[in-house]
Amino acid sequence: MIYRNAFCLLGVIVHQESVCAVYGSGLTSACVVDVGDQKTSICCVEDGISHRNTRLCLAYGGADVTRCFFWLMQRAGFPYRECQLTNTLDCLLLQQLKETYTHLDQDICGLQDHEFQVRHPDSPALLYQMRLGDEKLQAPMALFYPATFGIVGQKMTHLQHRSQGDPEDPHDEHYLLATQSKQDQSSKASADRKGMPKPSMYDDVRSQGMDPERGHMMESELGPSQADGMGHSNDGEETSASLFSRKTMVSQFEGKALGLDKAILHSIDCCTSDDTKKKMYSSILVIGGGLMFHKAQPFLQHRILNKMPPSFRRMVENVEVITRPKDMDPRVIVWKGGAVLSCLDTTQELWIYQREWQRFGVRMLRERAAFVW
C-alpha cells in the first residue's frame, strides 16, 4: 500500500509479488505458493500475467507452525517452563528450534535427545535437554491439516473479490462499466434510428480509450468474473450466472480450513484451459520462509501427485515442485524478481516518480501499473 504522505522515494514500480517471484526464479509460468509467517497465498502466473480467479489467501503460515510446535513440546515435557509466546526472545528461541529440528522426512522416527541454550540479557546462559519424537514431524504437517492450529472465529480461506472501487479514482473499474453501459445504449439507440449497423466490439474498446490489441490480455488479467462484467449490457443473464457461481465458490471455501495441498489443487483447477493447468502442474514454485523444512519438496510433490485429478495424471509428464530455484533462498526470490523487473527496458515506462504521485495521487497506479488496478 502506498500512502500519499509516505511517498518519500524518488520513484517506484508497483507489481504483484507472484509475478516478481516468477521473474526472480527465471521461469515463465508457475503456480506460485508463498508461505509466509502470518499467511499463505497461492496464485497461477502465466507469461507474466497473474490469473485473478486462481488467487487464494490462507489465514495461516510459519508462525502457526511455531505455535503448534511449542504446544507439542509442552506435551512432551518441554524443560524451559518459563517460555512465553508474548516474550520476544522466547519467540525467537522457538523459531530457532523449529528451523533446527522440524522436518517432513517420514523415514525419520523414534525418540532423540536434543540440547538448546537459553540466553537473556545480564543472565548466564542456561543449557536444557529434551527428548522429542514425532513432534518434529507433526508440527509442519499441520500446514496440510490446518485444523490442528485451532484457529477459530475467522475466515480461513479468502478468494479474490470484485473491486469495490476507489473514491479517489474517478476512472476505476466501476466508472468504466457505468460509462460503457451508457455509451452502448446511446449507440444502439442512434443506430436503430438511423438504420445503421450496431457498433462492433472494436468500437466498444475504443470508447473506453483502450488499445484493442490488448483486449485478449486484459480479459486474461481480469479473469472471467470481471471480464464478463466488461461485456455488453444485454448480457445480464450471463453476468448474473458468473456472479452466482463466484459467490457459491466463495461460500464453499471461505469458512473452511483448506490444507496447503488442497489449496494448490483448487488454484490450478481454476485455470481456464487444460494447457494452462498442465503448465502449472509441471511448475509449482514455493517461496517464502514458512516451508523451509527438510524433505519438504518431495513430501509436497507426493501429496500433489496423489490428489490431482486422474485425467491430468496421464496428461502431465511430471509434477515438479520447486523450493529452491537456482539454489537461491526462497525468502528473497520476490525481491530479486523486483530488481530484475526494474532494470528491464520494457518496464522503464512503469516508473512512478515523486512529483507525479504528489500531483495525480492514486490515479497514477491505473496508468502505470502493469496489471489491472
Side-chain angles (χ1 to χ4, degrees), residues 12-51 54-58 61-63 65 95-96 98-100 102-105 107 140 143-144 260-261 263-265 267-268 271 275-305 308 312 316-348 350-351 370-371:
V12 296
I13 289 181
V14 180
H15 219 307
Q16 295 158 312
E17 291 184 357
S18 56
V19 177
C20 292
V22 171
Y23 276 97
S25 58
L27 302 173
T28 57
S29 302
C31 177
V32 182
V33 183
D34 184 1
V35 186
D37 187 68
Q38 303 292 329
K39 57 89 180 176
T40 299
S41 59
I42 304 172
C43 177
C44 292
V45 178
E46 184 182 17
D47 297 330
I49 298 177
S50 171
H51 291 275
T54 64
R55 299 172 193 167
L56 285 176
C57 185
L58 310 176
V65 177
Q95 177 79 11
Q96 180 184 0
K98 181 194 72 171
E99 295 175 354
T100 304
T102 56
H103 61 84
L104 285 170
D105 189 353
D107 295 332
L143 290 171
F144 304 93
L260 183 61
D261 51 346
I264 294 173
L265 292 172
S267 178
I268 296 177
C271 293
D275 292 337
T276 303
K277 293 178 183 179
K278 289 193 293 185
K279 290 181 183 179
M280 300 302 117
Y281 278 119
S282 59
S283 181
I284 300 175
L285 177 63
V286 180
I287 62 175
L291 200 65
M292 296 177 62
F293 305 109
H294 177 62
K295 291 298 184 73
Q297 186 268 342
F299 185 87
L300 178 58
Q301 182 171 327
H302 179 72
R303 293 185 68 91
I304 296 295
L305 278 170
M308 65 186 298
F312 282 96
V316 180
E317 296 180 358
N318 63 320
V319 175
E320 185 176 2
V321 176
I322 307 170
T323 55
R324 286 184 174 271
K326 301 180 181 179
D327 294 331
M328 290 188 300
D329 189 340
R331 294 171 292 188
V332 299
I333 290 178
V334 174
W335 293 102
K336 181 177 180 180
V340 172
L341 278 173
S342 63
C343 297
L344 296 177
D345 294 336
T346 54
T347 59
Q348 296 307 305
L350 302 180
W351 281 93
F371 52 92

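Please read these numbers as outputs of a predicted model, since none were measured by experiment. All heavy atoms count here, side chains included; hydrogens, waters and symmetry mates do not.
Atom CD of Gln348 has more than 12 heavy atoms from other residues, nucleotides or ligands within 6.0 Å. The number of heavy atoms from other shown groups lying within 6.0 Å of CH2 (Trp351) is above 12. Shown here is His103, whose NE2 atom has more than 12 heavy atoms of other residues, nucleotides or ligands within 6.0 Å.
Here the NZ atom belonging to Lys278 is positioned 5.0 Å from the CG atom belonging to Asp275, to the nearest 0.5 angstrom. Here Phe293 contributes atom CZ and Leu104 contributes atom CG; the two are 6.5 Å apart, rounded to the nearest 0.5 Å. We find the OG1-NE2 distance between Thr276 and His51 to be 5.5 Å, quoted to the nearest 0.5 Å. For the atom pair OH of Tyr23 and CD1 of Ile333, the computed distance is 16.0 Å after rounding to the nearest 0.5 Å. Here the CD1 atom belonging to Ile268 is positioned 7.5 Å from the CE atom belonging to Met280, to the nearest 0.5 angstrom. Between the SG atom of Cys44 and the CD1 atom of Ile284 there is a distance of 9.0 Å, given to the nearest 0.5 Å.
By the 4.5 Å heavy-atom criterion applied to side chains, Leu300 and Val286 are counted as neighbours. For the pair Leu56/Ser41, no side-chain contact is recorded, criterion being any heavy-atom separation below 4.5 Å from C-beta on. Leu285 places none of its side-chain heavy atoms less than 4.5 Å from the side chain of Val45. Counting heavy atoms from C-beta on, the side chains of Lys336 and Met328 come closer than 4.5 Å.
For Phe299 and Phe144, the ring centers sit closer than 6.0 Å to each other.
Put simply, the side chain of Asp329 gets close to the backbone of Arg331: a donor and an acceptor are under 3.5 Å apart. Thr28 places no side-chain N or O within 3.5 Å of a backbone atom of Asp47 that could act as its donor or acceptor partner.
Minimum heavy-atom separation, His15 to Cys20: CB-SG, 4.0 Å. Looking at every heavy atom in both residues, Leu143 comes nearest to Gly290 through CD1-O, 3.9 Å. Taking each heavy atom of Ala63 and Gln38 in turn, the nearest pair found is CB-NE2, 3.9 Å. Among all heavy-atom pairs drawn from Val32 and Ser18, the shortest one is CG2-O, 3.7 Å. The two atoms that bring Ala339 and Ser342 nearest to each other are O-OG, 2.8 Å, heavy atoms only. Counting all heavy atoms, side chain and backbone alike, Ser25 lies closest to Lys326 at O-CE, 3.8 Å.
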Q: Go through Leu260 and Thr40 one step at a time and tell me if the side chain to side chain contact (heavy atoms under 4.5 Å, CB included) criterion holds.
A: CA-CA 8 Å; Leu260 183 61; Thr40 299; 3.8 Å; yes

Q. So Glu46 and Ser29, side chain to side chain donor-acceptor pair (under 3.5 Å) or not? Walk me through it.
A. CA-CA 4 Å; Glu46 184 182 17; Ser29 302; 5.3 Å; no

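Among residue pairs with one or both ends in residues 282-298, those qualifying as side chain to side chain donor-acceptor pair (under 3.5 Å) are Gln297-Gln301; sequence neighbours excluded.
For the side chain to side chain contact (heavy atoms under 4.5 Å, CB included) test, residues two or more places apart in sequence or in another chain that qualify with Glu17 are Asp34, Lys39, Val334. Residues that satisfy the side chain to side chain contact (heavy atoms under 4.5 Å, CB included) test with Thr347, not counting sequence neighbours, are Ile13, Leu341, Leu344, Leu350.
Residues Arg55 and Ser267 have side chains that never bring a donor and an acceptor to within less than 3.5 angstrom of each other.
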